[in-house]
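For reference, the structure discussed in these notes is given below.
Every heavy atom of this structure was used, including side-chain atoms; hydrogens, water molecules and symmetry mates were not. In listed order, ligands and their atoms are each counted from 1. No experiment lies behind these values; they were computed from the predicted model shown. Residues take their numbers from the sequence shown, with the count starting at 1.
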Amino acid sequence: MSELVKFTREDDVAVVTIDNPPVNALSPGVPEGLKASIQAAAEEPQVRAVVIIGAGQTFIAGADIREFGKIVSGEKPRLSLLPYLNSIEDSPKPVVVAIHGTAFGGGLETAMSGHYRVMAPSAQAGQPEVKLGLIPGAGGTQRLPRLAGVSKAAEMCAFGEPIKAQEALALGLVDRIIEGDLLEGAIAFAREVADRPIPKTRDRNDKLRDANPATLAQAREQARKLKRGQRAPLAAIDAIEAATKLSFEEGCKREAEFFNECLFSTESKALIYAFFGERTVSKIPDIPKETKTYDIRRAAVIGAGTMGGGITMNFANAGIPVMVKETAQDALDRGMSNIRSNYARTVEKGRLSQAGMDQRLALITPQLSYNGFDEADIVIEAVFENMAVKKQVFSEIGQIAKRGCILASNTSSLDIDEIASVTRRPEMVVGTHFFSPANVMRLLEVVRGKATANEVIATCMGLGKKLNKVAVLARNCRGFIGNRIVGPYLREAHFLVEEGASVEQVNQALYDFGMAMGPLAMDDLTGLDVSWAIRQEFKRFDKPGVRQPLVPDLLCELRRFGQKSGRGWSKYDENRKPSPDPEVAALIENASREAGIERRAISNEEIVERCVYALVNEGAQVLEEGIALRAVDIDITYLYGYGFPAWRGGPMFYADTVGLKNVLARIEEFEQQHGPELWHPAPLLKRLVDSGRTFEGMGAAQGK
Ligand code: 3HC
Ligand code: NAI
């Protein structure tokens with residue numbers, strides 16, 4: 001048959017098993033094997049029905065994503081899966097598809113080509129292609145509305161979120177949920193239906209006729225809002241609309257056209273790069289997979305402020321008991337009350353049960369002493385961003401923590417080695433930099449000090465996964481990967497308002513580029529006082545004569561700390577909705593005038609280029625210094641920690657798509673205009689341009 005698809009027989013039922021680890025993707029050989037198996041079943045007289053099932057952890061997780069790159073680069077022609085799946089539907093004997101794990105993308109399309117579907121209670125089904133900048137390309141946009149209805153199909157294809165077994169059953173997407181052994185249940189079901197007339201999905205039009213014309217208009221409106229700047233979600237809806245207007249065959253042709261358009265788009269290349277990037281960052285070249293890790297059974301957090309509270313919740317959410325220590329009862333009460341109200345909001349939204357909230361709270365022990373800290377497997381410090389305070393805390397925990405306990409700091413910029421120096425076990429000290437709000441943001445920067453042991457790093461990278469984070473490894477430097485690079489980005493945003501752009505224009509230009517929010521809105525969200533404190537800490541490193549932003553300090557002196565104080569770059573109402581503040585506009589103009597900065601009209605293009613290329617240039621420097629292992633580590637940091645649009649791949653990938661030559665030329669112009677201290681092109685960027693290479697093409701090397 002095929003190495004990847006096995007054909008066996010259970011008396012009168014043929015069992016076709018896809019066995020292509022790890023996720024049974026439809027790699028070359030699988031579709032061919034499926035078609036041949038259906039043919040074989042047709043030819044065996046004893047066979048009355050067929051069951052298709054996946055071996056291992058899952059049914060089929062979709063087309064083989066690695067193949068798309070080969071098609072786009074011209075290495076391979078595109079082979080449509082559709083004829084193979086149609087051959088399943090054309091089987092003269094009924095085909096029952098048995099789903100466990102995930103039936104995603106081409107996996108769900110395979111399932112819908114069968115005549116019946118049965119599902120394990122824990123299984124999920126979805127069309128997540130849109131998350132790769134694609135649309136379903138093997139009949140999904142034509143079969144799904146026929147089975148699940150137009151509205152649900154539009155939602156699933158445009159937003160890519162999977163549904164669970166119970167919902168699939170209610171929609172009519174599957175015919176039965178099988179408790180217990182899935183294969184046994186599927187075979188029994190196949191015998192039940194063996195003599196019935198064979199239902200084909202393509203012939204079902206009842207749910208298409210019910211389509212309300214407003215449904216697709218609403219889906220498009222939602223897609224424009226929630227998938228801002230992206231083409232694939234709208235293409236998916238267009239293809240579903242074709243299902244409502246054309247025959248199945250014609251609809252499939254339209255789908256293929258849209259699929260091809262998406263496949264060759266930069267959006268899709270970027271999203272596929274991000275998919276693999278998320279998995280690449282967990283691989284550390286000098287720390288093999290087999291590296292020993294510590295069990296984290298009990299955690300402790302120091303500080304119950306903005307970050308400490310969120311970090312505590314992460315442990316409780318993962319079922320790990322956690323102590324949280326403060327210095328005073330009122331701070332502890334405030335911290336616990338924030339944690340409680342965060343959980344209560346999730347309960348109100350229906351995303352957590354009251355019992356779930358109670359269970360999580362029961363895992364948290366608030367305290368004012370170090371009682372029990374000698375039992376913790378990891379202690380994470382989240383006290384004020386001040387070296388003296390951090391050193392005091394580390395010298396205390398260095399004495400209390402048991403052997404083998406990981407001592408972690410949530411510092412966002414301070415020197416991990418200096419912090420480690422006050423303990424007698426620097427090999428156990430590491431940075432675990434969570435992002436705010438820590439219970440929501442998925443990025444975890446793990447910071448490797450000079451002495452940090454490989455086992456400690458491997459444990460923290462694994463812990464990230466357990467806490468549902470994406471962990472990226474950084475070396476120690478001021479600000480590590482994320483905040484080191486964000487410095488020049490914010491600097492340019494601050495300079496641009498001094499040179500004539502308004503606060504709103506700067507925010508809007510970067511929002512329109514695709515950022516989750518503009519840079520000054522981000523300042524207001526994180527708190528201007530936070531960066532103010534960091535600036536004080538590092539003031540001694542400022543180079544004399546080099547231009548520094550003027551306005552952030554002035555805002556802080558007026559106690560305009562951003563959203564938390566209702567006023568920052570913008571003013572905020574009680575719902576934290578921003579509006580322009582003429583007082584800030586006047587303050588900026590005044591500061592510019594006093595500093596002799598000539599104000600001018602600035603284009604949105606210049607705003608985007610200056611902010612984003614500042615990220616790229618500093619990113620190249622961070623790569624050169626080995627702070628980030630690979631360009632993709634910077635990109636993933638920006639996608640998960642800073643709201644960079646995934647469909648642009650991240651700052652370094654974006655620079656590749658603009659062309660590094662073009663990026664360098666613009667940076668050289670900025671150097672001319674603003675001086676080499678701010679805009680000297682990173683040597684690595686120059687070398688890549690000279691050798692015609694890209695950041696992506698550097699792979700795992702550091703470009704030296
Ligand atoms: N193709 C190729 N490789 C895939 C793959 C796919 N569809 N899905 C997962 N993999 C690889 C991963 O890269 C990873 O490789 P690695 O071990 O070398 O890093 C390995 O399989 C295991 O994957 P995960 O680490 O993600 O395992 P999890 O258990 O955490 O998650 C999953 C499993 C939920 C299936 C998740 O991998 C996933 O969401 N995969 C992508 C699903 C998807 O997008 N399908 C649509 C594909 S496009 C399509 O089908 C087009 C069609 O309409 C024509
Ligand atoms: P915060 O001011 O909200 O909280 C700090 C808490 O630590 C306070 O409640 C304080 O009472 C407590 N504390 C101080 N000394 C203590 C001690 N010796 N023992 C126990 N508790 C003590 O500060 P925030 O914002 O939570 O920051 C904490 C750390 O996280 C800092 O290092 C900061 O740089 C970092 N960080 C902050 C981010 C943010 O957006 N706020 C993002 C990522 C990191």
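Within a 4.0 Å radius of atom 19 (O) of ligand 1, the protein contributes one or more non-hydrogen atoms. For atom 25 (O) of ligand 1, a protein heavy-atom neighbour is found at a distance under 4.0 Å. Distance remark: protein heavy atom not present below 4.0 angstrom from atom 28 (P) of ligand 1. The nearest protein heavy atom to atom 5 (C) of ligand 1 is closer than 4.0 Å. Counting only heavy atoms, the protein gets under 4.0 Å from atom 49 (C) of ligand 1.
In terms of protein heavy atoms, atom 52 (C) of ligand 1 is closest to Glu109 OE1, 3.3 Å. Distance from atom 8 (N) of ligand 1 to its nearest protein heavy atom, with residue and atom name: Val23 CG2, 3.5 Å. Distance from atom 1 (N) of ligand 1 to its nearest protein heavy atom, with residue and atom name: Ile65 N, 2.9 Å. When only non-hydrogen protein atoms are considered, atom 2 (C) of ligand 1 lies nearest to Asp64 OD1, 3.3 Å. The closest protein non-hydrogen atom to atom 31 (O) of ligand 1 is Arg279 NH2, 5.0 Å. Among protein heavy atoms, atom 45 (N) of ligand 1 sits closest to Ala61 O, 2.8 Å.
Scanning Lys465, Lys283, Gln127 for the heavy atom closest to atom 17 (O) of ligand 1 points to Lys283. Atom 41 (C) of ligand 1 has its nearest heavy-atom neighbour, among Phe276, Phe275, Phe68, in Phe275.
A donor atom on one side chain and an acceptor atom on the other are found under 3.5 Å apart for Gln329 and Asp333. With 3.5 Å as the limit, one finds a donor-acceptor pair spanning the side chains of Ser27 and Asn20. Counted by atom type alone, Asn476 and Asp415 present one or more donor-acceptor pairs between their side chains at under 3.5 Å. Side chain to side chain, Thr102 and Gln124 fail the donor-acceptor criterion of an N or O pair below 3.5 Å.
Remark: ligand 1 and Ala63 share an N or O pair separated by less than 3.5 Å (distance only, no angle test). Looking at Phe104 next to ligand 1, no N or O pair under 3.5 Å apart turns up.
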Derivation and outcome, side chain to side chain donor-acceptor pair (under 3.5 Å), residues Thr637 and Glu445: CA-CA 8 Å; Thr637 300; Glu445 231 179 344; 5.1 Å; no
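By the criterion of a heavy-atom distance under 4.0 Å, the side chain of Pro22, and not its backbone, is placed next to ligand 1. Residue Leu132 touches ligand 1 through its side chain alone, judged by heavy-atom distances below 4.0 Å.
In this structure, Lys164 does not pair ionically with Glu167, as no charged nitrogen and carboxylate oxygen lie closer than 4.0 Å. Between Lys391 and Glu418 there is a salt bridge, since a side-chain N of the basic residue sits under 4.0 Å from a carboxylate O of the acidic one. In this structure, Asp238 does not pair ionically with Arg254, as no charged nitrogen and carboxylate oxygen lie closer than 4.0 Å.
Those atoms of ligand 1 with a heavy atom of Pro136 less than 4.0 angstrom away are 53 (O). Ligand-side atoms of ligand 1 in range of Glu129: 48 (S), 49 (C), 50 (O), 51 (C), 52 (C), 53 (O), range being under 4.0 angstrom from any heavy atom. Close approach of ligand 1 to Gly105 (heavy-atom distance below 4.0 Å) involves ligand atoms 46 (C), 50 (O). Less than 4.0 angstrom separates some heavy atom of Pro128 from each of these atoms of ligand 1: 43 (C), 44 (O), 45 (N).
A cation-pi arrangement is present between Lys325 and Tyr370 under the rule of less than 6.0 angstrom and at most 45 degrees off the ring axis. Relative to the six-membered ring of Phe561, Arg559 misses at least one condition, a distance below 6.0 Å or an angle of at most 45° to the axis.
Arg146 is listed as a side-chain neighbour of Phe248, based on a closest heavy-atom distance under 4.5 Å.
Between the side chain of Tyr638 and the backbone N or O of Val486 there is at least one donor-acceptor pair closer than 3.5 Å. Glu267 contributes a side-chain N or O that, together with a main-chain N or O of Arg231, makes up a donor-acceptor pair within less than 3.5 Å. Judged by distance alone, with hydrogens and angles left aside, the side-chain atoms of Ser113 form a donor-acceptor pair with the main-chain N or O of Glu109 at under 3.5 Å. Between the His100 side chain and the Thr58 main chain, a donor and an acceptor come within less than 3.5 Å of each other.
Taking the six-membered ring for Trp and the full ring otherwise, Phe435 and Tyr642 have centroids separated by under 6.0 Å.
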Can you give me a line-by-line list of nitrogen or oxygen pairs between ligand 2 and the protein shorter than 3.5 Å?
residue, atom, partner, partner atom, Å
ligand 2, 3 (O), Thr306, N, 3.0
ligand 2, 3 (O), Thr306, OG1, 3.0
ligand 2, 9 (O), Glu326, OE2, 2.5
ligand 2, 11 (O), Glu326, OE1, 2.7
ligand 2, 11 (O), Glu326, OE2, 3.3
ligand 2, 19 (N), Lys325, NZ, 3.4
ligand 2, 26 (O), Thr306, N, 3.3
ligand 2, 26 (O), Met307, N, 2.8
ligand 2, 30 (O), Asn410, ND2, 2.9
ligand 2, 32 (O), Val383, O, 3.3
ligand 2, 32 (O), Glu385, OE1, 2.5
ligand 2, 32 (O), Lys390, NZ, 2.5
ligand 2, 34 (O), Glu385, OE1, 2.8
ligand 2, 34 (O), Ser412, OG, 2.7

